[in-house]
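Below is one structure, written out as structure tokens; comments come after it.
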Amino acid sequence: MGQPHQTLGEYIIENQKAFRYSSGELSRLISSIKLAAKVVNHEVNKAGLVDILGAHGETNVQGEDQQKLDVYANEVFIDTLINREIVCGIASEEEDEFITVKGHNGNHDNKYVVLMDPLDGSSNIDVNVSVGTIFSVYRRITPEGQPVELKDFLQPGNKQVAAGYIIYGTSTMLVYTTGHGVNGFTLNPAIGTYYLSHPDMKFPKTGKIYSMNEGNYVHFPKGVKNYIKYCQEEEGDRPYTSRYIGSLVSDIHRNMIKGGIYIYPKSSKVANGKLRLLYECNPMAFIVEQAGGKASDGYQRILDIEPTELHQRVPFFCGSKKMVEKAEEFMKSSV
Ligand code: P6P
């Protein structure tokens, strides 16, 4: 448990021994992410003032227009991780294939792989709505000393050793877990230091906010349509409030503080949903479960899904435990 107003650096040192592989490498990894987030935050915060808005003119493996800040954030996180000699491989939403990382002496001895969405919600960049970075960390399963392989990245989410997000909002926060609860650190931009502002974050067991893109209603499966009608009925603590800003990190962060459910289901438009399992759903699911919430694909636990592809998509139901369970009831009763 952190001390009030403890800095992130102090927290990492204090909790270093709590981590299974207490060699200090994971601490150095989190510290490198903390640094990269400050650099990206600096650009995000002045995006309106410099020529860094708008599309980069290329598309990523998802076929999505790459915003300039997407590309910039991707480069900053990759360069920072490589320079810290901790990871043997990196996968990113912005990279078609995984990146093999050698140590400065040309070896492949580093123990961790990182998967990330360097700037999630990028469609919000030009309209000044908060965006985020999501990261997921695993210990490699192939022998140290050999080049990293795809199987090191295709591990189920229940094998993650750390996961977190940075939200570039009205303030910049780093929220992460190493399997011992969830803690939130807020950046003081004046001095470039993160302070423990949200110790031991807990997802409310229930809530009154539902978050999804209802513009896709006609394409949704029957179970989702029935759940939406349930949320809108005049009964008990319902109708609920609809809140959706199209930025996964922001929608889930708000719901983790206030209580709520986020749903991005499969539909007749997107057969497996839109969100990627490895660097969006798994890390958010690890965080949400560590805070007492729940995350599934409408039927099975996200963290138990055996990945088959680097950029595979899954339906995503995530948030307050009782709300996810109710949504799952509708999904199961409408097959
Ligand atoms: P839609 C952003 O592109 C993202 O991956 C998530 O951050 C967000 O929740 C979702 O897609 C928004 O998708 O189809 O509602 O615009």
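Note that the numbering runs from 1 along the sequence shown for the chain. A quick note: this is a predicted structure, and the numbers were derived from the prediction, not measured. We count ligands from 1, going down the list as the structure has it; atoms in each ligand are counted the same way.
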Polar contact flag for Y244 and ligand 1 (N/O pairs, less than 3.5 Å): yes

Those atoms of ligand 1 less than 4.0 Å from some heavy atom in L275: 5 (O)

Close approach, D251 and ligand 1, non-hydrogen under 4.0 angstrom: no

More than 12 heavy atoms of other groups within 6.0 Å of E97 CD: no

Y230 and Y227 aromatic ring geometry - parallel, tilted or perpendicular at 30°/60° bounds: parallel

Side-chain donor-acceptor distances from residues 78-87 under 3.5 Å, at least two apart:
{"unit_1": "T80", "atom_1": "OG1", "unit_2": "V76", "atom_2": "O", "d": "2.7"}
{"unit_1": "N83", "atom_1": "ND2", "unit_2": "D79", "atom_2": "O", "d": "3.0"}
{"unit_1": "E85", "atom_1": "OE2", "unit_2": "H104", "atom_2": "N", "d": "2.2"}
{"unit_1": "E85", "atom_1": "OE2", "unit_2": "H104", "atom_2": "ND1", "d": "3.3"}

Atom indices of ligand 1 within 4.0 angstrom of D120 heavy atoms, with elements: 4 (C), 5 (O), 6 (C), 7 (O)

V249 and ligand 1 - part of the residue with a heavy-atom distance under 4.0 Å: neither

M212 near ligand 1 by a heavy-atom separation under 4.0 Å: no

Over 12 non-hydrogen atoms of neighbours within 6.0 angstrom of NZ in K202: yes

Main-chain N/O of R139 paired with Q155 side-chain donor or acceptor, under 3.5 Å: yes

Part of L248 within contact of ligand 1 (heavy atoms, under 4.0 Å): both

Flag side-chain contact, heavy atom, 4.5 Å: Y165 against D117: no

Protein residue, atom and distance nearest to atom 8 (C) of ligand 1, heavy-atom basis: G246 O, 3.5 Å

Nitrogen or oxygen atoms of Y262 and ligand 1 under 3.5 Å apart: yes

Identity and distance of the protein heavy atom lying nearest atom 14 (O) of ligand 1: Y264 OH, 2.6 Å

Enclosure of R243 CZ (heavy-atom neighbours >12, cutoff 6.0 Å): no

NZ/K332: more than 12 non-hydrogen atoms of other groups inside 6.0 Å: yes

Among R276, R313, E280, K274, closest by any non-hydrogen atom to atom 3 (O) of ligand 1: K274

